[in-house]
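Comments concern the structure below.
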Amino acid sequence: MLAAAIAVLGLAGLVGFSLFTGSPLSNIPGPAITAFTDVWILINTYFERRNRYIHELHQKYGPLVRLSPHEVSVSDPGSIKHIYINNFDKSKFYFLFDNYGVTNAFSAIEKKVHAPKRRVMHQLYSKTAVSVPGLEDCIRERLDRAAYYFEQSHKETKAIDILQLFRSIAMDVVTAFQFGADHGTDFIRNPLERDLILGKYRVQTRSWFIGPYLPSLAKYILPKAFVESLMFTDQWNLDNMHRSGFPPDSAAKKLIDGGFSELEAASEIADHVVAGHETTAIALTYLCWHLAKHPEIQERLKAEIRAVSGPSDGQSPSSVLPAFKDLDRLPYLAAVLQETLRLYAPIPASEPRVVPPSGIWYSPSSSEYGSNESRYFIPGGVVISVQPWTLHRDPSVFPDPEMFDPDRWIKSDSETLHKMNKSFMAFGAGIRMCVGMNLAMEDLKFITAFIFCKYTVKLGAETTDDSMYMIDRYSTRPKANACYIEFEEQ
Ligand code: HEM
(Lines give C-alpha, C1' and ligand atoms only; values in the text may rest on other atoms or scores of the structure.)
Protein backbone atom coordinates (compact mmCIF):
# COMPACT_ATOMS: atom_id res chain seq x y z
CA MET A 1 0.00 0.00 0.00
CA LEU A 2 2.79 2.36 1.03
CA ALA A 3 4.75 1.40 -2.06
CA ALA A 4 1.71 2.11 -4.26
CA ALA A 5 1.20 5.51 -2.62
CA ILE A 6 4.84 6.44 -3.10
CA ALA A 7 4.68 5.29 -6.71
CA VAL A 8 1.61 7.44 -7.36
CA LEU A 9 3.33 10.43 -5.76
CA GLY A 10 6.42 9.83 -7.83
CA LEU A 11 4.38 9.62 -10.98
CA ALA A 12 2.41 12.70 -10.06
CA GLY A 13 5.73 14.50 -9.57
CA LEU A 14 6.72 13.55 -13.05
CA VAL A 15 3.44 14.87 -14.45
CA GLY A 16 3.92 18.16 -12.66
CA PHE A 17 7.47 18.45 -13.87
CA SER A 18 6.53 17.77 -17.45
CA LEU A 19 3.55 20.11 -17.39
CA PHE A 20 5.86 22.79 -16.09
CA THR A 21 8.61 22.25 -18.62
CA GLY A 22 6.40 21.50 -21.67
CA SER A 23 7.38 19.08 -24.44
CA PRO A 24 9.95 19.49 -27.17
CA LEU A 25 8.08 16.73 -29.00
CA SER A 26 4.68 18.41 -29.05
CA ASN A 27 4.45 18.35 -32.87
CA ILE A 28 5.07 14.62 -33.11
CA PRO A 29 1.99 12.41 -33.60
CA GLY A 30 0.65 10.70 -30.49
CA PRO A 31 -2.01 10.97 -27.77
CA ALA A 32 -2.16 14.53 -26.35
CA ILE A 33 -1.34 13.40 -22.82
CA THR A 34 2.04 12.01 -23.94
CA ALA A 35 3.22 15.53 -24.80
CA PHE A 36 3.14 16.39 -21.10
CA THR A 37 3.87 13.32 -19.08
CA ASP A 38 5.62 9.96 -18.87
CA VAL A 39 2.78 8.64 -16.74
CA TRP A 40 0.76 7.11 -19.56
CA ILE A 41 3.60 4.97 -20.93
CA LEU A 42 4.67 4.04 -17.38
CA ILE A 43 1.12 2.97 -16.52
CA ASN A 44 0.92 0.87 -19.68
CA THR A 45 4.28 -0.69 -18.82
CA TYR A 46 3.16 -1.37 -15.23
CA PHE A 47 -0.06 -3.03 -16.39
CA GLU A 48 1.90 -5.10 -18.92
CA ARG A 49 0.44 -3.48 -22.01
CA ARG A 50 3.44 -1.53 -23.30
CA ASN A 51 4.22 -3.56 -26.45
CA ARG A 52 0.59 -3.85 -27.46
CA TYR A 53 -0.08 -0.18 -26.59
CA ILE A 54 2.84 1.01 -28.76
CA HIS A 55 1.64 -1.29 -31.53
CA GLU A 56 -1.84 0.27 -31.37
CA LEU A 57 -0.30 3.75 -31.46
CA HIS A 58 1.61 2.90 -34.64
CA GLN A 59 -1.55 1.51 -36.22
CA LYS A 60 -3.33 4.75 -35.38
CA TYR A 61 -0.63 7.41 -35.88
CA GLY A 62 1.84 5.85 -38.34
CA PRO A 63 5.54 5.02 -38.19
CA LEU A 64 6.52 7.80 -35.74
CA VAL A 65 4.73 8.18 -32.40
CA ARG A 66 5.38 10.08 -29.22
CA LEU A 67 5.37 7.94 -26.08
CA SER A 68 6.22 10.70 -23.60
CA PRO A 69 7.78 14.19 -23.63
CA HIS A 70 11.17 12.46 -23.88
CA GLU A 71 10.50 9.32 -25.89
CA VAL A 72 9.37 8.29 -29.38
CA SER A 73 8.86 4.98 -31.13
CA VAL A 74 9.47 4.35 -34.83
CA SER A 75 8.28 1.34 -36.78
CA ASP A 76 9.85 1.35 -40.23
CA PRO A 77 12.78 -0.90 -41.24
CA GLY A 78 14.79 2.16 -42.41
CA SER A 79 15.00 3.18 -38.77
CA ILE A 80 16.90 0.01 -37.93
CA LYS A 81 19.77 1.21 -40.08
CA HIS A 82 19.63 4.74 -38.78
CA ILE A 83 19.39 3.95 -35.09
CA TYR A 84 20.94 0.53 -34.60
CA ILE A 85 23.43 0.14 -37.44
CA ASN A 86 24.64 3.69 -36.71
CA ASN A 87 24.87 2.58 -33.09
CA PHE A 88 23.16 5.30 -31.08
CA ASP A 89 23.99 4.99 -27.38
CA LYS A 90 21.59 2.89 -25.28
CA SER A 91 19.16 4.57 -22.89
CA LYS A 92 19.34 4.45 -19.11
CA PHE A 93 16.76 1.62 -19.18
CA TYR A 94 19.74 -0.74 -19.55
CA PHE A 95 21.07 0.20 -16.09
CA LEU A 96 18.59 -2.47 -15.01
CA PHE A 97 20.93 -5.11 -16.41
CA ASP A 98 24.07 -4.17 -14.43
CA ASN A 99 25.05 -6.98 -12.09
CA TYR A 100 26.99 -6.48 -8.84
CA GLY A 101 26.76 -2.75 -9.65
CA VAL A 102 29.13 -3.43 -12.57
CA THR A 103 28.46 -2.66 -16.24
CA ASN A 104 28.45 -5.50 -18.77
CA ALA A 105 28.22 -5.53 -22.58
CA PHE A 106 24.42 -5.63 -22.50
CA SER A 107 24.01 -2.85 -19.94
CA ALA A 108 26.77 -0.57 -21.28
CA ILE A 109 25.22 2.71 -22.34
CA GLU A 110 28.02 4.34 -24.28
CA LYS A 111 29.74 2.99 -27.39
CA LYS A 112 33.18 3.56 -25.90
CA VAL A 113 32.35 1.41 -22.85
CA HIS A 114 30.69 -1.26 -24.95
CA ALA A 115 33.26 -1.64 -27.78
CA PRO A 116 36.16 -3.26 -25.86
CA LYS A 117 33.79 -5.69 -24.12
CA ARG A 118 32.15 -6.65 -27.39
CA ARG A 119 35.53 -7.36 -29.02
CA VAL A 120 36.32 -10.03 -26.44
CA MET A 121 32.81 -11.44 -26.54
CA HIS A 122 32.74 -11.63 -30.31
CA GLN A 123 35.64 -14.10 -30.15
CA LEU A 124 33.76 -16.19 -27.61
CA TYR A 125 30.52 -16.46 -29.57
CA SER A 126 31.51 -16.20 -33.25
CA LYS A 127 30.14 -18.88 -35.59
CA THR A 128 33.62 -20.44 -35.73
CA ALA A 129 33.96 -20.41 -31.94
CA VAL A 130 30.63 -22.14 -31.35
CA SER A 131 31.06 -24.59 -34.26
CA VAL A 132 33.55 -26.65 -32.27
CA PRO A 133 32.95 -30.36 -31.60
CA GLY A 134 33.11 -29.64 -27.85
CA LEU A 135 29.97 -27.52 -27.88
CA GLU A 136 28.14 -29.92 -30.19
CA ASP A 137 29.02 -32.81 -27.87
CA CYS A 138 27.89 -30.76 -24.90
CA ILE A 139 24.45 -30.12 -26.46
CA ARG A 140 24.10 -33.79 -27.49
CA GLU A 141 24.98 -34.93 -23.98
CA ARG A 142 22.30 -32.66 -22.48
CA LEU A 143 19.79 -33.99 -25.01
CA ASP A 144 20.66 -37.54 -24.01
CA ARG A 145 19.86 -36.59 -20.40
CA ALA A 146 16.59 -34.97 -21.43
CA ALA A 147 15.53 -37.94 -23.57
CA TYR A 148 14.12 -39.59 -20.43
CA TYR A 149 11.37 -36.95 -20.10
CA PHE A 150 10.22 -37.30 -23.71
CA GLU A 151 10.17 -41.09 -23.36
CA GLN A 152 8.20 -40.91 -20.12
CA SER A 153 5.66 -38.63 -21.73
CA HIS A 154 5.25 -41.16 -24.53
CA LYS A 155 5.06 -44.24 -22.27
CA GLU A 156 2.60 -42.68 -19.85
CA THR A 157 0.66 -40.75 -22.55
CA LYS A 158 1.13 -37.77 -20.30
CA ALA A 159 1.69 -34.10 -21.16
CA ILE A 160 4.74 -32.50 -19.52
CA ASP A 161 5.70 -28.89 -18.87
CA ILE A 162 8.06 -28.19 -21.73
CA LEU A 163 8.82 -24.62 -20.65
CA GLN A 164 10.56 -25.85 -17.50
CA LEU A 165 12.24 -28.68 -19.44
CA PHE A 166 13.57 -26.33 -22.12
CA ARG A 167 14.78 -23.89 -19.47
CA SER A 168 16.70 -26.78 -17.88
CA ILE A 169 18.30 -27.90 -21.16
CA ALA A 170 19.23 -24.34 -22.18
CA MET A 171 20.55 -23.56 -18.68
CA ASP A 172 22.67 -26.73 -18.61
CA VAL A 173 24.17 -25.79 -22.00
CA VAL A 174 24.77 -22.12 -21.28
CA THR A 175 26.33 -22.72 -17.85
CA ALA A 176 28.61 -25.40 -19.34
CA PHE A 177 29.69 -22.73 -21.82
CA GLN A 178 30.28 -20.16 -19.08
CA PHE A 179 31.90 -22.32 -16.39
CA GLY A 180 33.37 -25.20 -18.44
CA ALA A 181 31.81 -28.47 -19.66
CA ASP A 182 32.32 -30.20 -16.31
CA HIS A 183 31.04 -27.32 -14.19
CA GLY A 184 27.68 -26.43 -15.68
CA THR A 185 24.38 -27.07 -13.93
CA ASP A 186 22.60 -30.41 -14.22
CA PHE A 187 19.02 -29.17 -13.91
CA ILE A 188 17.78 -31.83 -16.32
CA ARG A 189 18.54 -34.57 -13.80
CA ASN A 190 18.11 -32.51 -10.62
CA PRO A 191 14.57 -31.15 -10.58
CA LEU A 192 14.82 -29.99 -6.95
CA GLU A 193 17.81 -27.75 -7.59
CA ARG A 194 16.25 -26.69 -10.89
CA ASP A 195 13.00 -25.60 -9.24
CA LEU A 196 14.85 -23.70 -6.51
CA ILE A 197 17.13 -21.74 -8.85
CA LEU A 198 14.66 -21.23 -11.70
CA GLY A 199 12.09 -20.23 -9.09
CA LYS A 200 14.40 -17.40 -7.98
CA TYR A 201 14.83 -16.29 -11.59
CA ARG A 202 11.07 -16.20 -12.02
CA VAL A 203 10.20 -13.99 -9.03
CA GLN A 204 8.39 -11.19 -10.84
CA THR A 205 7.10 -7.75 -10.10
CA ARG A 206 5.16 -5.36 -12.27
CA SER A 207 7.43 -2.52 -11.10
CA TRP A 208 10.66 -4.23 -12.28
CA PHE A 209 11.39 -1.39 -14.74
CA ILE A 210 11.09 1.48 -12.27
CA GLY A 211 14.75 1.76 -11.13
CA PRO A 212 16.14 3.98 -13.89
CA TYR A 213 13.03 6.22 -13.84
CA LEU A 214 12.69 6.74 -10.11
CA PRO A 215 16.07 5.69 -8.70
CA SER A 216 15.57 7.22 -5.26
CA LEU A 217 12.15 5.56 -4.82
CA ALA A 218 13.00 2.17 -6.33
CA LYS A 219 14.05 0.64 -3.05
CA TYR A 220 10.63 1.46 -1.53
CA ILE A 221 8.68 0.31 -4.57
CA LEU A 222 10.42 -2.96 -5.45
CA PRO A 223 9.07 -5.89 -3.40
CA LYS A 224 11.55 -7.41 -0.95
CA ALA A 225 11.15 -10.89 -2.48
CA PHE A 226 12.14 -9.49 -5.88
CA VAL A 227 15.26 -7.75 -4.58
CA GLU A 228 16.23 -10.83 -2.58
CA SER A 229 15.84 -13.08 -5.61
CA LEU A 230 18.17 -10.82 -7.62
CA MET A 231 20.76 -10.98 -4.84
CA PHE A 232 20.36 -14.74 -4.63
CA THR A 233 20.92 -15.37 -8.36
CA ASP A 234 23.87 -12.93 -8.41
CA GLN A 235 25.51 -14.82 -5.56
CA TRP A 236 24.69 -18.18 -7.16
CA ASN A 237 26.47 -17.12 -10.36
CA LEU A 238 29.48 -15.80 -8.49
CA ASP A 239 29.75 -19.04 -6.49
CA ASN A 240 29.49 -21.12 -9.68
CA MET A 241 32.27 -19.09 -11.26
CA HIS A 242 34.59 -19.45 -8.27
CA ARG A 243 33.80 -23.14 -7.80
CA SER A 244 34.64 -23.85 -11.44
CA GLY A 245 38.24 -22.69 -10.91
CA PHE A 246 38.25 -20.96 -14.34
CA PRO A 247 38.99 -24.04 -16.54
CA PRO A 248 40.47 -23.34 -20.01
CA ASP A 249 37.21 -24.24 -21.83
CA SER A 250 35.13 -21.72 -19.84
CA ALA A 251 33.95 -18.29 -20.97
CA ALA A 252 34.94 -17.09 -17.48
CA LYS A 253 38.61 -17.89 -18.13
CA LYS A 254 38.50 -16.38 -21.62
CA LEU A 255 36.99 -13.15 -20.27
CA ILE A 256 39.71 -12.88 -17.62
CA ASP A 257 42.37 -13.55 -20.27
CA GLY A 258 40.70 -10.85 -22.39
CA GLY A 259 41.37 -8.26 -19.67
CA PHE A 260 38.11 -8.40 -17.67
CA SER A 261 38.37 -8.10 -13.88
CA GLU A 262 36.78 -10.92 -11.91
CA LEU A 263 33.69 -8.85 -11.13
CA GLU A 264 33.39 -7.64 -14.74
CA ALA A 265 33.52 -11.28 -15.89
CA ALA A 266 30.90 -12.21 -13.28
CA SER A 267 28.61 -9.36 -14.36
CA GLU A 268 28.92 -10.52 -17.97
CA ILE A 269 28.28 -14.16 -17.11
CA ALA A 270 25.29 -13.42 -14.87
CA ASP A 271 23.75 -11.62 -17.84
CA HIS A 272 24.50 -14.39 -20.34
CA VAL A 273 23.12 -17.05 -18.02
CA VAL A 274 19.74 -15.26 -17.92
CA ALA A 275 19.79 -14.24 -21.59
CA GLY A 276 20.96 -17.67 -22.65
CA HIS A 277 18.39 -19.88 -20.96
CA GLU A 278 15.10 -17.97 -20.89
CA THR A 279 14.99 -16.67 -24.48
CA THR A 280 15.90 -20.05 -25.95
CA ALA A 281 13.31 -21.84 -23.81
CA ILE A 282 10.58 -19.36 -24.75
CA ALA A 283 11.26 -19.77 -28.48
CA LEU A 284 11.21 -23.58 -28.24
CA THR A 285 8.04 -23.56 -26.16
CA TYR A 286 6.10 -21.43 -28.63
CA LEU A 287 7.47 -23.52 -31.51
CA CYS A 288 6.21 -26.81 -30.00
CA TRP A 289 2.91 -25.27 -28.93
CA HIS A 290 2.26 -23.86 -32.38
CA LEU A 291 3.21 -27.08 -34.14
CA ALA A 292 1.02 -29.12 -31.77
CA LYS A 293 -1.87 -27.04 -33.12
CA HIS A 294 -0.73 -27.37 -36.75
CA PRO A 295 0.00 -31.02 -37.63
CA GLU A 296 0.56 -30.17 -41.29
CA ILE A 297 3.60 -28.01 -40.43
CA GLN A 298 4.79 -30.67 -38.03
CA GLU A 299 4.59 -33.40 -40.69
CA ARG A 300 6.76 -31.41 -43.12
CA LEU A 301 9.32 -30.66 -40.44
CA LYS A 302 9.42 -34.30 -39.33
CA ALA A 303 9.92 -35.47 -42.92
CA GLU A 304 12.81 -33.06 -43.49
CA ILE A 305 14.60 -33.95 -40.27
CA ARG A 306 14.03 -37.69 -40.58
CA ALA A 307 15.50 -37.66 -44.09
CA VAL A 308 18.91 -36.69 -42.63
CA SER A 309 18.72 -38.70 -39.39
CA GLY A 310 20.37 -42.10 -38.97
CA PRO A 311 19.98 -45.13 -36.71
CA SER A 312 20.81 -44.78 -33.02
CA ASP A 313 24.15 -46.18 -31.81
CA GLY A 314 22.17 -47.85 -29.02
CA GLN A 315 23.92 -45.77 -26.33
CA SER A 316 23.06 -42.18 -26.97
CA PRO A 317 19.57 -41.13 -28.11
CA SER A 318 21.01 -38.03 -29.84
CA SER A 319 23.25 -40.19 -32.05
CA VAL A 320 20.36 -40.31 -34.53
CA LEU A 321 21.02 -36.67 -35.37
CA PRO A 322 23.49 -35.67 -38.08
CA ALA A 323 26.33 -33.19 -37.44
CA PHE A 324 25.25 -29.63 -36.76
CA LYS A 325 26.56 -28.45 -40.13
CA ASP A 326 23.98 -30.74 -41.79
CA LEU A 327 21.12 -29.57 -39.55
CA ASP A 328 22.18 -26.02 -40.29
CA ARG A 329 21.45 -26.59 -43.99
CA LEU A 330 17.83 -27.72 -43.60
CA PRO A 331 15.59 -25.06 -45.17
CA TYR A 332 12.29 -25.95 -43.51
CA LEU A 333 13.84 -26.23 -40.02
CA ALA A 334 15.42 -22.79 -40.55
CA ALA A 335 12.11 -21.36 -41.81
CA VAL A 336 10.07 -22.78 -38.89
CA LEU A 337 12.53 -21.25 -36.43
CA GLN A 338 12.60 -17.92 -38.25
CA GLU A 339 8.80 -17.79 -38.24
CA THR A 340 8.74 -18.70 -34.53
CA LEU A 341 11.17 -15.89 -33.74
CA ARG A 342 9.12 -13.49 -35.87
CA LEU A 343 5.72 -14.16 -34.34
CA TYR A 344 6.86 -15.21 -30.87
CA ALA A 345 10.01 -13.08 -30.48
CA PRO A 346 11.31 -13.80 -26.95
CA ILE A 347 12.32 -10.12 -26.73
CA PRO A 348 9.45 -8.39 -28.52
CA ALA A 349 9.79 -4.98 -26.84
CA SER A 350 11.38 -1.62 -27.63
CA GLU A 351 15.16 -1.58 -27.67
CA PRO A 352 15.64 2.02 -26.51
CA ARG A 353 18.49 4.22 -27.73
CA VAL A 354 19.30 7.93 -27.33
CA VAL A 355 19.27 10.50 -30.16
CA PRO A 356 22.78 12.06 -30.47
CA PRO A 357 23.20 15.67 -29.20
CA SER A 358 22.77 17.26 -32.66
CA GLY A 359 19.27 15.74 -33.01
CA ILE A 360 17.85 14.10 -36.15
CA TRP A 361 15.29 14.92 -38.82
CA TYR A 362 12.85 12.19 -39.76
CA SER A 363 10.20 11.90 -42.42
CA PRO A 364 7.63 9.18 -41.68
CA SER A 365 6.19 9.37 -45.20
CA SER A 366 9.45 8.44 -46.90
CA SER A 367 10.99 6.74 -43.85
CA GLU A 368 14.05 8.88 -44.46
CA TYR A 369 16.38 10.55 -42.04
CA GLY A 370 18.11 13.86 -42.63
CA SER A 371 16.58 14.84 -45.98
CA ASN A 372 15.35 18.40 -46.66
CA GLU A 373 11.83 17.04 -47.01
CA SER A 374 11.90 15.76 -43.46
CA ARG A 375 9.01 16.89 -41.36
CA TYR A 376 9.96 16.19 -37.79
CA PHE A 377 12.94 17.24 -35.73
CA ILE A 378 13.77 14.90 -32.86
CA PRO A 379 16.13 16.67 -30.47
CA GLY A 380 19.29 15.19 -28.94
CA GLY A 381 18.71 13.24 -25.74
CA VAL A 382 15.27 11.94 -26.75
CA VAL A 383 14.85 8.19 -26.32
CA ILE A 384 14.03 6.48 -29.62
CA SER A 385 13.28 2.83 -30.29
CA VAL A 386 11.93 0.22 -32.65
CA GLN A 387 10.01 -2.75 -31.24
CA PRO A 388 10.19 -6.13 -32.98
CA TRP A 389 6.56 -6.77 -31.94
CA THR A 390 5.41 -4.11 -34.41
CA LEU A 391 8.08 -4.54 -37.05
CA HIS A 392 7.34 -8.27 -37.26
CA ARG A 393 3.64 -7.56 -37.76
CA ASP A 394 3.91 -5.04 -40.58
CA PRO A 395 1.45 -6.32 -43.24
CA SER A 396 3.34 -4.55 -46.04
CA VAL A 397 6.37 -6.71 -45.27
CA PHE A 398 4.74 -9.84 -43.82
CA PRO A 399 1.36 -10.28 -45.55
CA ASP A 400 -1.23 -11.77 -43.18
CA PRO A 401 1.21 -11.12 -40.33
CA GLU A 402 -0.58 -13.12 -37.63
CA MET A 403 -0.38 -16.25 -39.75
CA PHE A 404 2.47 -18.64 -38.92
CA ASP A 405 3.76 -19.37 -42.40
CA PRO A 406 7.29 -20.83 -42.64
CA ASP A 407 6.96 -20.86 -46.42
CA ARG A 408 7.18 -17.08 -46.51
CA TRP A 409 10.93 -17.58 -45.77
CA ILE A 410 11.29 -20.18 -48.53
CA LYS A 411 8.96 -19.24 -51.37
CA SER A 412 9.20 -15.44 -51.42
CA ASP A 413 11.12 -13.81 -54.28
CA SER A 414 14.51 -12.33 -53.48
CA GLU A 415 13.22 -8.75 -53.23
CA THR A 416 10.50 -9.72 -50.72
CA LEU A 417 12.95 -11.87 -48.79
CA HIS A 418 15.36 -8.95 -48.59
CA LYS A 419 12.56 -6.76 -47.19
CA MET A 420 11.61 -9.40 -44.63
CA ASN A 421 15.20 -9.86 -43.48
CA LYS A 422 15.58 -6.09 -43.12
CA SER A 423 12.53 -6.08 -40.84
CA PHE A 424 13.56 -9.08 -38.77
CA MET A 425 14.82 -7.95 -35.40
CA ALA A 426 14.41 -10.91 -33.03
CA PHE A 427 18.11 -10.71 -32.17
CA GLY A 428 18.29 -6.90 -32.31
CA ALA A 429 20.40 -5.13 -34.93
CA GLY A 430 23.78 -3.49 -35.49
CA ILE A 431 26.81 -3.90 -33.28
CA ARG A 432 24.62 -4.29 -30.16
CA MET A 433 22.72 -7.21 -31.62
CA CYS A 434 22.66 -10.50 -29.75
CA VAL A 435 26.19 -11.74 -29.32
CA GLY A 436 24.87 -15.17 -28.31
CA MET A 437 22.86 -15.69 -31.52
CA ASN A 438 25.07 -18.48 -32.93
CA LEU A 439 24.93 -20.40 -29.67
CA ALA A 440 21.18 -19.85 -29.47
CA MET A 441 20.62 -21.07 -33.04
CA GLU A 442 22.71 -24.19 -32.44
CA ASP A 443 20.66 -24.96 -29.32
CA LEU A 444 17.37 -24.25 -31.12
CA LYS A 445 18.19 -26.39 -34.15
CA PHE A 446 19.52 -29.35 -32.17
CA ILE A 447 16.66 -29.44 -29.68
CA THR A 448 13.99 -29.03 -32.36
CA ALA A 449 15.57 -31.72 -34.55
CA PHE A 450 15.89 -34.08 -31.57
CA ILE A 451 12.19 -33.78 -30.80
CA PHE A 452 10.79 -34.04 -34.30
CA CYS A 453 13.04 -36.84 -35.50
CA LYS A 454 11.29 -39.17 -33.08
CA TYR A 455 8.09 -37.63 -31.74
CA THR A 456 4.83 -36.02 -32.71
CA VAL A 457 3.78 -33.28 -30.29
CA LYS A 458 0.22 -32.95 -29.00
CA LEU A 459 -1.43 -30.27 -26.87
CA GLY A 460 -1.96 -31.07 -23.20
CA ALA A 461 -5.44 -30.33 -21.84
CA GLU A 462 -4.09 -27.68 -19.43
CA THR A 463 -2.65 -25.58 -22.27
CA THR A 464 -4.95 -23.16 -24.05
CA ASP A 465 -4.58 -20.02 -26.14
CA ASP A 466 -5.27 -18.07 -22.96
CA SER A 467 -2.61 -19.85 -20.90
CA MET A 468 -0.13 -19.18 -23.75
CA TYR A 469 -0.97 -15.45 -23.95
CA MET A 470 2.37 -13.66 -24.35
CA ILE A 471 3.11 -11.60 -21.26
CA ASP A 472 3.83 -8.05 -22.33
CA ARG A 473 7.26 -7.17 -21.01
CA TYR A 474 10.76 -6.50 -22.31
CA SER A 475 11.09 -10.28 -22.61
CA THR A 476 7.98 -12.40 -22.85
CA ARG A 477 6.74 -15.75 -21.57
CA PRO A 478 3.38 -17.57 -21.51
CA LYS A 479 0.89 -16.16 -19.00
CA ALA A 480 0.61 -19.56 -17.25
CA ASN A 481 4.42 -19.79 -17.00
CA ALA A 482 4.01 -23.38 -18.22
CA CYS A 483 3.12 -25.23 -21.41
CA TYR A 484 1.94 -28.85 -21.33
CA ILE A 485 2.76 -30.97 -24.36
CA GLU A 486 2.55 -34.73 -24.90
CA PHE A 487 5.25 -36.49 -26.91
CA GLU A 488 4.07 -39.47 -28.92
CA GLU A 489 6.68 -41.69 -30.56
CA GLN A 490 5.71 -41.74 -34.22
C1 HEM B 1 16.55 -17.21 -28.87
C2 HEM B 1 17.52 -16.74 -28.11
C3 HEM B 1 17.89 -15.29 -27.98
C4 HEM B 1 17.21 -14.16 -28.37
C5 HEM B 1 15.87 -14.08 -29.08
C6 HEM B 1 18.02 -13.02 -28.01
C7 HEM B 1 17.68 -11.70 -28.27
C8 HEM B 1 18.52 -10.62 -28.04
C9 HEM B 1 18.20 -9.26 -28.39
C10 HEM B 1 16.90 -8.78 -29.04
C11 HEM B 1 19.24 -8.48 -28.03
C12 HEM B 1 19.34 -6.95 -28.19
C13 HEM B 1 18.55 -6.33 -27.07
C14 HEM B 1 18.57 -4.82 -27.01
O15 HEM B 1 19.39 -4.15 -27.66
O16 HEM B 1 17.71 -4.31 -26.25
C17 HEM B 1 20.23 -9.35 -27.44
C18 HEM B 1 21.45 -8.92 -26.95
C19 HEM B 1 22.31 -9.74 -26.28
N20 HEM B 1 22.18 -11.10 -26.09
FE21 HEM B 1 20.73 -12.31 -26.80
N22 HEM B 1 19.14 -13.48 -27.38
C23 HEM B 1 19.11 -14.84 -27.35
C24 HEM B 1 20.07 -15.69 -26.82
C25 HEM B 1 21.23 -15.27 -26.20
C26 HEM B 1 22.25 -16.13 -25.68
C27 HEM B 1 22.24 -17.67 -25.77
C28 HEM B 1 23.21 -15.32 -25.12
C29 HEM B 1 24.48 -15.67 -24.42
C30 HEM B 1 24.80 -16.84 -23.99
C31 HEM B 1 22.79 -13.94 -25.33
C32 HEM B 1 23.50 -12.83 -24.94
C33 HEM B 1 23.24 -11.53 -25.34
C34 HEM B 1 24.11 -10.40 -25.04
C35 HEM B 1 25.41 -10.44 -24.24
C36 HEM B 1 23.54 -9.28 -25.65
C37 HEM B 1 24.09 -7.85 -25.64
C38 HEM B 1 25.05 -7.69 -26.80
C39 HEM B 1 25.72 -6.34 -26.87
O40 HEM B 1 25.13 -5.32 -26.47
O41 HEM B 1 26.86 -6.33 -27.36
N42 HEM B 1 21.58 -13.95 -25.99
N43 HEM B 1 19.77 -10.65 -27.45
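Source: prediction; values computed, not measured. All heavy atoms count here, side chains included; hydrogens, waters and symmetry mates do not. Position 1 is the first residue of the sequence; numbering continues from there. Every number for a ligand or one of its atoms is a count from 1 in the order of the listing.
Looking only at atom types and distance, the side chain of S350 has a donor-acceptor partner in the side chain of R50 under 3.5 Å away. Remark: the R432 side chain and the H114 side chain contain an N/O donor-acceptor pair separated by less than 3.5 Å. No donor-acceptor contact under 3.5 angstrom links the side chains of E442 and N438, judged on distance only. Checking H58 against T390 by side-chain atom types alone, no donor-acceptor pair falls below 3.5 Å. Side-chain atoms of D172 and T185 form a donor-acceptor pair, as typed in the model, at a separation below 3.5 Å. Inspection of the E262 and H242 side chains reveals an N or O donor paired with an N or O acceptor under 3.5 Å. Neither side chain, Q204 nor N481, offers a donor N or O lying under 3.5 Å from an acceptor on the other.
At least one heavy atom of H114 lies less than 4.0 angstrom from ligand 1. The shortest heavy-atom distance from R353 to ligand 1 is under 4.0 Å. Distances shorter than 4.0 angstrom do not occur between any heavy atom of Y84 and any atom of ligand 1. Contact annotation: Y94 has at least one heavy atom less than 4.0 Å from an atom of ligand 1.
Among pairs with a residue in residues 77-99, those fulfilling salt bridge (charged side-chain N to carboxylate O under 4.0 Å, His left out) read D89-K111, at least two apart in sequence or across chains.
When only non-hydrogen protein atoms are considered, atom 35 (C) of ligand 1 lies nearest to H272 NE2, 3.3 Å. Among protein heavy atoms, atom 30 (C) of ligand 1 sits closest to Y125 OH, 3.4 Å. The protein heavy-atom contact nearest to atom 40 (O) of ligand 1 is R432 NE, 3.1 Å.
With a heavy-atom cut-off of 4.0 Å, P388 does not touch ligand 1 at all. With a heavy-atom cut-off of 4.0 Å, V174 touches ligand 1 through its side chain alone. Under 4.0 Å from ligand 1, not a single heavy atom of I282 appears.
Atom 21 (Fe) of ligand 1 has C434 SG as protein N, O or S atoms under 2.8 Å away.
If you look at Y149 and F166, their ring centroids are not closer than 6.0 Å.
In summary, the atoms of ligand 1 found under 4.0 Å from a heavy atom of Y474, numbered by their order in the structure, are 13 (C), 14 (C), 16 (O).
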side-chain contact (heavy atoms from CB on, under 4.5 Å), that's the test. Do Y484 and L459 meet it? Break it down for me.
CA-CA 7 Å; Y484 287 88; L459 264 192; over 6 Å; no
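Proximity of a side-chain donor or acceptor of S168 to a complementary backbone N or O of Q164 within less than 3.5 Å is detected.
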